[in-house]
Protein chains: 2
Amino acid sequence: MKQPTILDVAARAGVSKSLVSLVMTDPSRVGEANRKAVLEAAKDLGYRPNAVARSLVQRRTGVIGIVLSDLHNPFFADVADGIEAAASERGYRAMLSSGFLDPKRERSAITTMLELRVDGLIIMGSMMKVGRIEGVATALPVTLVGRHTRSKRLDSVCTDDAAGAREAVAHLAELGHTRIAHIHAGSAAGSPRRRRGYEKEMIKRGLVDRIRVFRGDFTESGGAKAMIEILNSGDMPTAVFAPNDAAALGAMEVIDDAGLDIPGDISLIGYDDLTLSGLPRISLTTVGQPRTDLGREAAQLVLERLDEGREDARHVVVPPSLVIRSTTGPPPGDADAQPSEDPQ
Amino acid sequence: MKQPTILDVAARAGVSKSLVSLVMTDPSRVGEANRKAVLEAAKDLGYRPNAVARSLVQRRTGVIGIVLSDLHNPFFADVADGIEAAASERGYRAMLSSGFLDPKRERSAITTMLELRVDGLIIMGSMMKVGRIEGVATALPVTLVGRHTRSKRLDSVCTDDAAGAREAVAHLAELGHTRIAHIHAGSAAGSPRRRRGYEKEMIKRGLVDRIRVFRGDFTESGGAKAMIEILNSGDMPTAVFAPNDAAALGAMEVIDDAGLDIPGDISLIGYDDLTLSGLPRISLTTVGQPRTDLGREAAQLVLERLDEGREDARHVVVPPSLVIRSTTGPPPGDADAQPSEDPQ
DNA sequence: CTGAAAGCGCTTACAG
DNA sequence: CTGAAAGCGCTTACAG
């Protein structure tokens, strides 16, 4: 089980260990005969460089750490694809860890990454407060994905969640909806802005009295629970704006099970435009985000600090885009279409 | 940007570096006063232990590496949950990397894990040949998830794919189907056995002439492509057994778009029982696997080698279970129900 | 309970 | 092009 080291290779090839190191690093700088001998010895022994030792002396690991809040949300998989693509183009490797939708476990995942001395860190859909994350940004480049911030110490990339939410609400309002409820995901990344966008657009449309906000989260079950509450609230909306597609799917399940028609009885909008949401049977109206691009951009931000010496914080915001499918339509009645009424 | 080391802490606390190390390792063995001084100095400096250095001397990293073939498949997220749970209970941390459904990139991900000197490796849904993976199993404990093997050098945990496939086909046959096609996913983990199970059950039922196999993969788009081929084959089956739920979803999309009814015109079965597959609008008949348990078991196998000195290979096979939902029903005609006929 | 020494497996200048 | 020496940041025996 003991692995061969550079010394074993050197002994077998009959050269010094420095020469072996040189061959491993830059074979072209070594004479033909010695190079061959070293390479052959390494192969015979099944030598595999010890990145731990290398990292210690180089003070860099070549690894970009990714901490995502939920491994189950396909949204992050696409972002991770983008990160990995950009990182590997520049000679870095990506390594993932999950925060399991829990700020404490997320914090622990981040700590592990820091102790492992990853060169840069990308945190997606964080459940933590930005202030707490800023504390680690002194040690290495950190980029937040999906969370808005104006921090001077770390970078961020996200879409304009408020704008996306407003587009969603505007779409519903233009279809004639006034009783539009919103499921939010607490302080999870992106949710506060989406909620604010919902509220602002409702106010702008003169629907301030119709604002109804229910607590859910970014998961299917969270969306389902919130939808059950909505159905039991005795104040049935004609449309629901969910905080993301996963939650919308949970809400959809509850609505379907209740025997209600979408969008006949109730319209539904999500956020993220998961591949899944485009399936004919789901056909969810949603707000799309350029997932892979978000990932590429996030990696780029880290690499700029790592390899180009950038020091000032950058915050990239890209526009979201409404994707209209089959879960939104006019409300059941039309008399409801006038704004600013008593909620009953 | 330079991080404080144990020496900085020692200097600030006015003690030797060994003492600092001791405090970090086992504070209870150090006197009250010194312990406090060290801890305070560490806090003031924002000291964070360098796991790279620690790993180098301890010759262990405390990390279990997970290489999964596809970050987009929610199946793996659940397995990873199980791994992480079992690993953290025993003081290990889990770290993920994707193989991007490509044997070469998978190999590269594995190599990175080895160079990083993870203590154990769990490979899920591998696209590689077992023989090639065995080569690395001399250096550290390796467990394969979802791939059958009798290797003497590494462990494996999976469900009985052949049995699951046979159950699926039996279910269709008992509904009266004879023209049952199968989409397979090449040599990807689990697929060959599922294909063989399909073929065996078809033969057992006297349907050897009705065997139709189409090449797809374990993704939605792979299932969709195969389904298009099936529709264009001029030999429409009354039922399709997909290699997994993701592929079944792709097939479902194509069938829906073609204006055909499921299960009225064609029955559909998947494999995995993703959460998603239970949604009312999907309601996919499928073969379930205990995902989290698979993960826990996989971690357990690695930990047994790591901490309990087990040397002989263990191969755990758990039974799958058919989950009957709404995508399977009797075939359109009933005359077809007799076995062993000319395929036209 | 505490300190000095050696070493984990590499790379990095630095001489030859 | 090649070799000896120092050191990355820790832990591990080993004396006191």
Side-chain angles (χ1 to χ4, degrees), chain A residues 1-39 41-42 45-63 91 112 114-119 139-140, chain B residues 1-39 41-42 45-63 91 112 114-119 139-140:
Chain A
M1 222 67 167
K2 176 111 172 30
Q3 305 228 38
T5 74
I6 211 176
L7 280 172
D8 301 315
V9 177
R12 185 176 182 105
V15 299
S16 78
K17 68 169 187 172
S18 317
L19 217 228
V20 176
S21 174
L22 238 190
V23 172
M24 294 302 159
T25 313
D26 183 5
S28 72
R29 287 178 51 198
V30 176
E32 171 85 22
N34 274 334
R35 192 197 330 154
K36 266 195 172 169
V38 168
L39 258 17
L45 260 30
Y47 171 73
R48 208 179 295 278
N50 185 331
V52 174
R54 193 199 314 131
S55 299
L56 182 60
V57 37
Q58 291 189 152
R59 279 110 161 264
R60 48 189 302 289
T61 52
V63 175
T112 300
L114 292 176
E115 294 188 357
L116 256 26
R117 294 294 194 268
V118 296
D119 291 340
L140 82 179
Chain B
M1 221 68 169
K2 176 111 174 30
Q3 306 228 36
T5 74
I6 211 175
L7 281 173
D8 300 314
V9 177
R12 185 177 183 104
V15 300
S16 78
K17 67 169 189 173
S18 316
L19 217 229
V20 177
S21 173
L22 237 190
V23 173
M24 294 302 159
T25 314
D26 182 4
S28 73
R29 286 178 51 199
V30 176
E32 171 86 21
N34 274 334
R35 193 200 325 155
K36 267 195 173 170
V38 168
L39 257 17
L45 260 30
Y47 172 73
R48 208 179 292 279
N50 185 330
V52 174
R54 192 200 314 131
S55 300
L56 181 59
V57 35
Q58 291 189 152
R59 278 107 160 266
R60 49 189 300 288
T61 52
V63 175
T112 300
L114 293 175
E115 294 188 357
L116 256 25
R117 295 296 193 265
V118 296
D119 292 339
L140 82 179

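So that the names make sense, note that chain A is the first sequence line, chain B the second, and so on, each numbered from 1. Every heavy atom of this structure was used, including side-chain atoms; hydrogens, water molecules and symmetry mates were not.
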Calculate the interatomic distance between [X] atom [atom1] and [N] atom [atom2]; express it in whole Å.
{"X": "B:Ile6", "N": "C:dA5", "atom1": "CD1", "atom2": "C1'", "answer": "15 Å"}
{"X": "A:Leu19", "N": "C:dT11", "atom1": "CG", "atom2": "P", "answer": "13 Å"}
{"X": "A:Asn34", "N": "D:dT2", "atom1": "CG", "atom2": "C1'", "answer": "8 Å"}
{"X": "A:Arg60", "N": "D:dG9", "atom1": "CZ", "atom2": "P", "answer": "15 Å"}
{"X": "B:Asp26", "N": "C:dC1", "atom1": "CG", "atom2": "P", "answer": "10 Å"}
{"X": "A:Met24", "N": "C:dC10", "atom1": "CE", "atom2": "P", "answer": "9 Å"}
{"X": "A:Arg29", "N": "C:dT12", "atom1": "CZ", "atom2": "C1'", "answer": "11 Å"}
{"X": "B:Leu22", "N": "D:dG9", "atom1": "CG", "atom2": "P", "answer": "20 Å"}

Using only side-chain N and O atoms of [X], determine if any of them is under 4.0 Å from OP1 or OP2 of [N].
{"X": "B:Arg54", "N": "C:dC8", "value": "no"}
{"X": "B:Arg59", "N": "C:dG9", "value": "yes"}
{"X": "B:Gln58", "N": "D:dT12", "value": "yes"}

Roughly how far apart are [X] [atom1] and [Y] [atom2], rounded to 0.5 Å?
{"X": "A:Tyr47", "Y": "A:Leu7", "atom1": "OH", "atom2": "CG", "result": "9.5 Å"}
{"X": "B:Gln3", "Y": "A:Leu140", "atom1": "CD", "atom2": "CG", "result": "7.5 Å"}
{"X": "B:Ser16", "Y": "B:Asn34", "atom1": "OG", "atom2": "CG", "result": "9.0 Å"}

Minimum heavy-atom separation for B:Ile6 to B:Lys17, with atom names? CD1-O, 3.7 Å
Contact nearer the 5' end of DNA chain D, comparing A:Val30 with B:Pro49: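 It is A:Val30, whose closest nucleotide lies nearer the 5' terminus.
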Which residue, B:Leu7 or A:Ser16, contacts DNA chain D at a nucleotide closer to its 5' end, judged by nearest heavy atom? A:Ser16
State which of [options] makes the closest approach to the side chain of [X].
{"X": "B:Lys17", "options": "D:dT11, D:dC8, C:dT12", "answer": "D:dT11"}
{"X": "B:Ser18", "options": "C:dG9, D:dG3, C:dA4", "answer": "C:dA4"}
{"X": "B:Leu56", "options": "D:dG9, D:dT11, C:dG3", "answer": "D:dG9"}
{"X": "B:Asn50", "options": "D:dC8, D:dC10, C:dG3", "answer": "D:dC10"}

What dot-bracket string describes DNA chain C from 5' to 3', counting Watson-Crick and G-U wobble pairs whose defining distances are under 3.5 Å, with [ ] for crossing pairs and | for pairs to another strand? |||.||||||||.|||
Is there side-chain contact between A:Val15 and A:Val38, with at least one heavy-atom pair below 4.5 Å? yes
Under 4.0 Å, counting only non-hydrogen atoms across every strand here, what does A:Thr5 touch: a base, just sugar-phosphate, or nothing?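 Sugar-phosphate, no base atom in range.
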